[in-house]
Q: 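Handing you this structure, nothing more for now.
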Amino acid sequence: DGATFSPAVVVGTGYGAAVTALRLGAAGVPTLMLEMGQLWDKPGPDGNVFCTMLSPDQRSMWFRTRTEAPLATFLWLDVINRDITPYAGVLDRVHFPNMDVYVGRGVGGGSLVNGGMAVTPLRSSFADILPGVDADEMYRVYFPRANAGLGVNDVDPAWFETADCYRYARVARESARVAGYGTAFVPNVYDFGYMAREDAGLVPKSALNSEVIYGNNHGKRSLDRSYLPAALGTGHITIQTLTEVRSIERQSGGGYLLRARQIDPYGSVVADREIGCRYLFLGAGSLGTTELLLRARETGALPDLSPEIGQRWGNNGNIMTARANHVWQPTGTVQSGMPALGIDHRADPANPVFAEIAPLPAGFETWVNLYLAITRTVERGNFAYNPATGRAELRWGPEQSQPSVASAKALFDRINAANGTVYRYDLFGHNKAFADDFCYHPLGGVVLGRATDGYGRVRGYPNLYVTDGSLIPGWVGVNPFVTITALAERNIERVIAEDVLR
Ligand code: FAD
């Protein structure tokens, strides 16, 4: 296996990577995408590509002997997680002290496992976090482009009011209303038309079959059904799976040399590969991209990388919590895995919160409402390189989650008081009402305008770019993938015009 060469290489296949590959391919640039996870297109023995949340198997998680679901227990019982065979499954939970991070693994990255909520941030929040980016242009050109490319759609409000699978959302809306809080519909990339046909019994069920964090077999326009087929359709893109990039160095001619390891789905090493390229785009996500660059700086491979690499990481203020409703307020035995409504308290300057009304698709009545609250937080972590393990380790103190807990608690205390309801303490382990030790929205580590220039060009290293969530400084106030996609659209347009086609 000698070194191969590709004019452009994109590491990862998530949002930033998929946008970048499509635009490079459309410009005629031969591009190789390297993805450590699998291509999820082959049915397993049960006829489905993905397993469900209620009976997870080896397909669920990335090399684990037991699943690690966000809800640890039910009624304090260990009934949720299952023993599994280690395998290149689709969801990973990366452990750090005081803060675990969930990420998707596979062609499509986080789009394979996420809730599909496709939210454009408030313009004021966007302008605050990235003051160097022309917000006018973003809201005029790139947010619309991202929404179109992702296939974002809205739920039919009339159908929503009658659908059994959104009873949980209507119950949560009513208890919010009693406390004086408003709600807003949340756009999604799940095809709401397909969901209505599931509800009518016309098509195989996916959102209505407890599918979400371990993948959706139908209905969801994940990146492998939107940007990535479009990229492949240019004829200039190749995707190599089960291939993890481990190091980056500079080549004498000016390009980059990558060392990667290819495995089989059970983890045996198939080959160690060396790949040369002229243009290198990092789309390995906040954790993956930050780790690759921190490792390159600390091992001396790319010694001039900025001290800003590894800084300004945040969890987007993620806090999960759950309430028990009264027995006369059932939340439904069949719950759509795709949220469609959020408590929208973003306009409060003192305590802005956007709380997604999440499903608890247990398959039986629970009377529970589950929420993913996105709170505003100024707490940021940073990464340190551990030479013994070769890993980037997140530094995040337990106290750094507490402002977000206080913010969510202020909102849900008021809802509980107004409705005479209580928190559930049995779901997140340690008798906690607020899950403050994991997140779904890792952001930052290689922040735009600090570790890179204003378009994701890594400072100090020509033709090296960052395209993913690591560009966003730790918080965006809503679910992040639309922002990641739109920013990638903006940056790659400039980079192709000024650097690649020059
Ligand atoms: P990612 O999508 O994380 O893609 C990175 C890719 O790079 C992955 O495929 C990974 O396997 C690969 N990779 C990493 N390192 C390497 C390496 N060294 N070599 C090769 N490949 C590598 N956001 C929303 O907006 N709405 C939601 O409803 C929502 N729900 C979520 C639910 C869950 C359970 C999770 C986990 C996330 C959710 N998110 C949601 C967050 C969203 O999915 C992420 O913000 C988004 O995927 C980040 O995009 P990205 O381009 O930064 O990287």
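One-based numbering, in listed order, for ligands and for the atoms of each.
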Q: Salt bridge or not for D191 and R221, using N-O below 4.0 Å?
A: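 Between R221 and D191 there is a salt bridge, with a charged N closer than 4.0 Å to a carboxylate O.
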Q: For atom 13 (N) of ligand 1, what's the nearest protein heavy-atom neighbour? Residue, atom name and distance, please.
A: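 The protein heavy atom lying closest is M36 SD, 3.6 Å.
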Q: Nearest protein heavy atom to atom 53 (O) of ligand 1, by residue and atom, and its distance?
A: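 I find the closest protein heavy atom is G285 CA, 3.4 Å.
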Q: For ligand 1, which part of R246 has a heavy atom less than 4.0 Å away: the side chain, the backbone, both, or neither?
A: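 Answer for R246: neither.
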Q: Backbone N or O of E35 within a donor-acceptor pair of the Q240 side chain at under 3.5 Å?
A: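 Not a single qualifying donor-acceptor pair exists.
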Q: Using heavy-atom distances, let me know which of I248, V245, N188, I484 sits nearest atom 48 (C) of ligand 1.
A: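 That would be I484.
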Q: I want to know if ligand 1 touches G116 in the polar sense, i.e. an N/O pair below 3.5 angstrom.
A: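 For ligand 1, there is an N or O atom that lies under 3.5 Å from one belonging to G116.
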Q: Any idea which heavy atoms bring G106 and T13 closest together, and the distance?
A: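 Closest heavy-atom pair between G106 and T13: O-OG1, 3.1 Å.
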Q: D436: which residues meet the side chain to side chain contact (heavy atoms under 4.5 Å, CB included) condition with it, sequence neighbours left out?
A: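 By the side chain to side chain contact (heavy atoms under 4.5 Å, CB included) rule, D436 matches I319, S401, Q402, V405, K432.
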Q: Give the numbers and elements of all ligand 1 atoms closer than 4.0 Å to a heavy atom of L34.
A: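 Going through ligand 1 atom by atom, the ones under 4.0 Å from L34 are 20 (C), 21 (N).
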Q: Give me the residue, atom name and distance of the protein heavy atom closest to atom 2 (O) of ligand 1.
A: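 Of the protein heavy atoms, G110 N, 2.9 Å lies nearest.
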Q: Any cation-pi pair here, R457 with Y465, using under 6.0 Å and within 45°?
A: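 Verdict for Y465: no cation-pi partner in R457.
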Q: Using a plain distance cutoff, I'd like to know if G469 has any nitrogen or oxygen under 3.5 Å from a nitrogen or oxygen of ligand 1.
A: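 G469 vs ligand 1: N/O contact under 3.5 Å present.
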Q: Answer yes or no for atom 44 (C) of ligand 1: protein heavy atom present at a distance under 4.0 Å?
A: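 Flag for atom 44 (C) of ligand 1 set to false, no protein heavy atom closer than 4.0 Å.
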Q: I'd like to check which ligand 1 atoms, numbered from 1 as shown, lie under 4.0 Å from a non-hydrogen atom of G106.
A: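 Once the distances to G106 are compared, the set is 9 (O).
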Q: Would you verify whether the NZ or CZ of R424 falls within 45 degrees of the ring axis of F74 while also being under 6.0 Å from that six-membered ring's centre?
A: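 So R424 does make the cation-pi contact.
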Q: Just need the protein heavy atom nearest to atom 9 (O) of ligand 1, so name the residue and atom and give the distance.
A: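 Among all protein heavy atoms, the one nearest atom 9 (O) of ligand 1 is E35 OE1, 2.7 Å.
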Q: Any idea which of A284, A118, S247 brings a heavy atom closest to atom 7 (O) of ligand 1?
A: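 Nearest option to atom 7 (O) of ligand 1, by heavy atoms: A284.
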Q: How does V11 reach ligand 1, if at all, at less than 4.0 Å between non-hydrogen atoms: by side chain, backbone, both, or neither?
A: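 For V11, the contact with ligand 1 is made by the side chain alone.
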Q: Tell me whether the guanidinium CZ or amine NZ of R490 lies under 6.0 angstrom from the six-membered ring centre of Y455 and within 45° of its axis.
A: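 The answer is yes; both the distance and angle limits are met.
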Q: When you measure from atom 49 (O) of ligand 1 to every protein heavy atom, which one gives the shortest distance, and what is it?
A: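 Looking only at protein heavy atoms, the one closest to atom 49 (O) of ligand 1 is Y15 CD1, 3.5 Å.
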Q: Hey, is I213 touching ligand 1 through its side chain, its backbone, both or neither, going by heavy atoms under 4.0 Å?
A: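 Under 4.0 Å from ligand 1, I213 contributes side-chain atoms alone.
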Q: Below 4.0 angstrom from a heavy atom of G109, which ligand 1 atoms are there? Numbered from 1 as shown, please.
A: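 Those of ligand 1 that fall under 4.0 Å from G109 are 2 (O), 4 (O), 8 (C), 9 (O).
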Q: May I ask whether P480 has any heavy atom positioned less than 4.0 angstrom from an atom of ligand 1?
A: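 Contact present.
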Q: To which of G12, P70, G104 does the heavy atom nearest atom 8 (C) of ligand 1 belong?
A: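 Going through G12, P70, G104 one by one, G104 has the nearest heavy atom to atom 8 (C) of ligand 1.
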Q: For R105, take its heavy atoms, then give the atoms of ligand 1 lying under 4.0 Å from any of them.
A: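 Selected atoms, number and element: 10 (C), 11 (O), 14 (C).
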Q: If you have a sec, work out which protein heavy atom is nearest atom 32 (C) of ligand 1 and how many Å separate them, to one decimal?
A: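 For atom 32 (C) of ligand 1, the nearest protein heavy atom comes out as N114 CA, 3.3 Å.
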Q: Run through Y102, Y15, Y440 and flag the one making a side-chain hydrogen bond (donor to acceptor under 3.5 Å, both in side chains) with N114.
A: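 Exactly one option meets the side-chain hydrogen bond (donor to acceptor under 3.5 Å, both in side chains) with N114, and it is Y15.
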Q: In ligand 1, which numbered atoms sit nearer than 4.0 Å to a non-hydrogen atom of F481?
A: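 Near F481, meaning under 4.0 Å from one of its heavy atoms, ligand 1 has 23 (N), 24 (C), 25 (O), 26 (N).
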Q: In terms of ring plane angle, is the pair Y194 and Y190 parallel, tilted or perpendicular, where the classes change at 30° and 60°?
A: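 Y194 vs Y190 ring planes: perpendicular.
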Q: Tell me if a side-chain donor or acceptor on N316 pairs with a main-chain N or O of V478 at a distance below 3.5 Å.
A: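 Yes.
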Q: In terms of atom number and element, which parts of ligand 1 are under 4.0 angstrom from non-hydrogen atoms of G14?
A: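 Result: 2 (O), 4 (O), 51 (O).
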Q: Would you say the ring centroid of Y214 lies under 6.0 angstrom from that of F50?
A: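 No; F50 has its ring centre 6.0 Å or more from that of Y214.
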Q: Please identify each residue that fulfils side chain to side chain donor-acceptor pair (under 3.5 Å) with S286, with sequence neighbours left out.
A: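 W313.
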Q: Does ligand 1 have an atom under 4.0 Å from some heavy atom of T289?
A: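 Contact absent.
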Q: Is there a polar contact, in the sense of an N or O pair closer than 3.5 Å, between G115 and ligand 1?
A: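 Yes.
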Q: Students should be able to answer this: which protein heavy-atom is nearest to atom 50 (P) of ligand 1, and at what distance?
A: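 Answer for atom 50 (P) of ligand 1: D468 CB, 3.9 Å.
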Q: Report, as yes or no, whether the 6.0 Å neighbourhood of atom CZ on R250 holds more than 12 heavy atoms from other residues, nucleotides or ligands.
A: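 Count over threshold, so yes.
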Q: Give the ring-plane orientation class for F185 versus F160, where under 30° counts as parallel, over 60° as perpendicular and anything between as tilted.
A: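 Perpendicular, since the angle between the ring planes exceeds 60°.
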Q: Go through ligand 1 atom by atom and flag the ones less than 4.0 Å from a non-hydrogen atom of G16.
A: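 With G16 as reference, the close atoms of ligand 1 come out as 51 (O).
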Q: Of all the non-hydrogen atoms in the protein, which one sits nearest to atom 28 (O) of ligand 1, and at what distance?
A: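 Looking at atom 28 (O) of ligand 1, the protein heavy atom closest to it is M117 N, 2.9 Å.
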Q: Would you say the rings of F434 and F428 are close, in the sense that their centroids are separated by under 6.0 Å?
A: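 Between F428 and F434, the centre distance exceeds or equals 6.0 Å.
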Q: Hey, which atoms in ligand 1 end up nearer than 4.0 Å to a heavy atom of Y102?
A: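 Checking each atom against Y102, I get 36 (C).
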Q: Would you say the rings of Y266 and Y87 are close, in the sense that their centroids are separated by under 6.0 Å?
A: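 Yes, the ring of Y87 comes within the 6.0 Å limit of the ring of Y266, centre to centre.
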